[in-house]
Amino acid sequence: MFCAAGVTAQFIAGKATRDAIFLANLDVTSLPAMVVATAAVSIGLVVLMSRGLRYVTPGVFVPMAFAANAVLLIVGWLLVPVMPRAAAVLVYLQISGIGPLLGSGFWLIATERFDPHTARKRFGQIAGAGTLGGLVGGLIAERVGAGFGVAATLPVLAIGNLYCAWEIRRLAGTRSHEMSSAIGDVSPDLAPEAPRSGLRVLREASYLRNLALLVLLGTFGAALVDYLFKAHAVIAFGRGESLLRFFAIYYAVTSLITFVVQASSSRIALERLGLGAITGTPSLAVVAGGIGGLVAPGLASIVVARGAETVCRGGLFRSAYELFYTPIPPTEKRAAKSLIDLGIDRLGDALGGGVIQLVLVLFVPASHDAMILWVAVGCSCFALVVASRLNRGYVQTLERSLRNRALELDLSNLEDLTTKTVMLRTLQERKPDDLRSHAGTTHVPSPAPANLDPEVTDILVLRSKDRGRITSLLHREEGMSAALVPHVIPLLAWDPLAEEAVAALRKVAEERVGQLIDALVDPSQSFAVRRRLARVFSVCASQRATDGLVLALEDQRFEVRFQCGRSLAAIASRNAQLRIEAVTIYAVVLRELAVGRAVWESHRLLDRLDDIGDRSFEDEFIKDRANQGLAHVFTLLSLVQPAEPLQIAYRGLLTGDENLRGTALEYLEATLPPLVRTRLWPFLEDRRPGNRTVRDRDEILGDLIRSHASIRLNLEELRQRLTPTKPWPKP
């Protein structure tokens, strides 16, 4: 925040000084040509910066650039008394060309310091501090100019640049230390590829091309309005100290309004409108201000139009625009950001200056303002269309970032990622009531009559309680017939034969799907049968099996719902043509999230997890019962959201990598429906600002009731498992 305040203060004071010195020594009609020249200088500096960042980190390059800028400001100050016109040109080129480069370098360091989710929360505060710095910079420029003359602000700016160099070096130095302590040696096979140029990065990423086009159009429209603003200011205030005071007061007032907008609505606007809409606000301000200038020409309407664009750009646009770079890999970010921030931005200025020059030559003076405003309004409308397309590209970039980090996650050996789940099973195996023999007796099956139908014989075997004969029947190559399936299903409750019964039913799951669904959704079936029957459907690929599992997601027992979700995910990965209603799945997710934390943490699994495909939501990451509920919710969401990035996001939430966790949270915030996101967030970020609410008495009472019901179910299951199959031995 101190860095942002210093960077913005010196830039705002520099712009006021630049405009006052230039317009005091040259005519306003030379301004378009100066804008074009500045753009050429900026593009050359962009090339140098892009090449420099390939070999030097931003933490070294940016402070050096601030220090060099301070030296050039002293040179310009010494030239003002001797060569005022040359000094005016030099100062204009320096502040307009190098100033944005320095600001872009600071934000480059900031985007590398924060993960996407933390950046969404903190960039508004950082930008707010920068706005306050701009307010202070404008007031300092006004006071120094009024008391000591316009040129006296140049050494003050040099001191400000040295302060920025010192602060940014400190900021980048702490980050470098953290990174060096967190990253170990990298295998040569995993070493990053050679740095790519910014143009190549833009050519390969449509998302960044749209962002560059938005910057080009936005800068082009702002340059047109800015020319009219300065031309009317010269007419109204003349030249010299009075013009400097006007520019300084203007920049200070717009900085104050920008801070108010940031403090009051920046965070809310980001959450409710989205990044695309926020980045389009400067263009929207140009459209509205341009129409106002056409309806009521004059200095007041132009000042309002220019001020509205400035406020929207500083108060809303900046905090959203910088977020677009957070999920981009650092090498690509360093190559592309300076090119877009400076090269494309200056190109927009150059196009604006060229169009202004054409208007001044081709049209009569009376129509200059109207023609320039019409062009500004037209290009700004096009910019709004481009801004509306950025959200999808941002989500895709988050997905790519998650995939890239998933490779790092798989190759890492962090303790919190590989901690094995310790399942202590001390409960005795039991047989279901209908299969339990009397204590102390041995059942000897009677031979079946020789003239019985083979299916009847098989049914007698399945009901014989003879484990050996039943196992032989279940292992037959040919599948179970429709008559045998109802007699195999109860065997799922017999622990010694449960896995054989699951395997036998899987052989005929598609052919007998109707019978299996009827048993699954039958509440009279035992819990052991239902939770294991849900696993049978994992080999299916039909719509009927999917519909049945969706119905079973309403079961009262968590493990049944959990296994149904896993089977649904396995079917969805096998058949992309399935119809799964997103509204239905979101309703199920909301029901899962509606319970209190006591119920959430009481979830437990009695059966092992089958290897039925991608297990990114389970296995090593289920370390406790809370994670079981979270894994189930993410499994359900993967049915209606892109599965791969969602799986990686889930894994990222359970790691100690703050950057990966922040990227995962940002991806979820950008893709999940608002109601689902609101309900899910307390289970992901217990201390997230703004999400703590005081629950009323009815909600607390509901949690207690649900917790009591869950405890009763668990105690009943424990009682059944501890019921002995024979008398307890005497002491």
Would you say that Ile74 contacts Pro155 through its side chain, given a criterion of any heavy-atom pair below 4.5 Å between the two side chains?
yes
Heavy-atom closest pair, residues Ala141 and Thr153:
O-CG2, 3.9 Å
Rounded at 0.5 Å granularity, tell me how far SG in Cys379 sits from CZ in Phe220.
5.0 Å
Taken to the nearest 0.5 Å, the spacing of Thr219 OG1 from Arg313 CZ works out to 5.5 Å
Does Ile21 form a side chain to side chain contact (heavy atoms under 4.5 Å, CB included) with Leu154? I'd like the steps, not just the answer.
CA-CA 11 Å; Ile21 292 178; Leu154 293 175; 4.3 Å; yes
Closest heavy-atom contact between Ala9 and Gly133?
CB-O, 3.0 Å
Student check: side-chain heavy atoms of Gln641 and Leu672 closer than 4.5 Å
yes
Heavy-atom closest pair (Leu213 atom, Val386 atom, distance to 0.1 Å) is CD2-CG2, 3.7 Å
Are the side chains of Leu171 and Phe106 in contact, using a 4.5 Å heavy-atom criterion?
yes
Please determine if Lys15 and Asp19 form a salt bridge, counting it only when a charged side-chain N lies under 4.0 Å from a carboxylate O.
no
Nearest-0.5 Å distance, CZ of residue Phe61 to CD1 of residue Ile109:
11.0 Å
Side-chain heavy-atom pair Leu347, Leu216 within 4.5 angstrom cut-off
yes
Evaluate the criterion side chain to side chain contact (heavy atoms under 4.5 Å, CB included) for residue pair Leu93 and Ile98; output intermediate values, then yes/no.
CA-CA 8 Å; Leu93 290 174; Ile98 301 179; over 6 Å; no
Shortest non-hydrogen contact from Ser283 to Gly218?
OG-CA, 4.3 Å
Atom pair CZ (Arg389) and CG (Leu214), whose distance is rounded to the nearest 0.5 Å
11.5 Å
Got a donor-acceptor contact below 3.5 angstrom from the Arg677 side chain to the Glu669 backbone?
yes
Heavy-atom pair of closest approach, residues Ser96 and Arg18:
OG-NH1, 2.8 Å
Nearest heavy atoms of Pro282 and Thr279, plus distance in Å:
CD-O, 3.5 Å
Inter-residue atom distance Asn69.CG - Ile95.CD1, 0.5 Å rounding
7.5 Å
Thr310 vs Phe229 side-chain heavy atoms within contact, under 4.5 Å
no
Do the non-hydrogen side-chain atoms of Val91 and Phe22 ever get within less than 4.5 Å of each other?
no
Evaluation steps, side chain to side chain contact (heavy atoms under 4.5 Å, CB included), between Leu102 and Asn161:
CA-CA 10 Å; Leu102 299 175; Asn161 275 261; 3.7 Å; yes
Quick one: do Leu653 and Phe634 satisfy side chain to side chain contact (heavy atoms under 4.5 Å, CB included)? Show the steps, please.
CA-CA 11 Å; Leu653 292 173; Phe634 272 79; 3.5 Å; yes
Measuring from atom CH2 of Trp166 to atom CZ of Phe2, what distance do you get when rounded to the nearest 0.5 angstrom?
9.5 Å
Would you say the side chain of Ile168 lies within less than 4.5 Å of the side chain of Val7, judging by non-hydrogen atoms?
yes
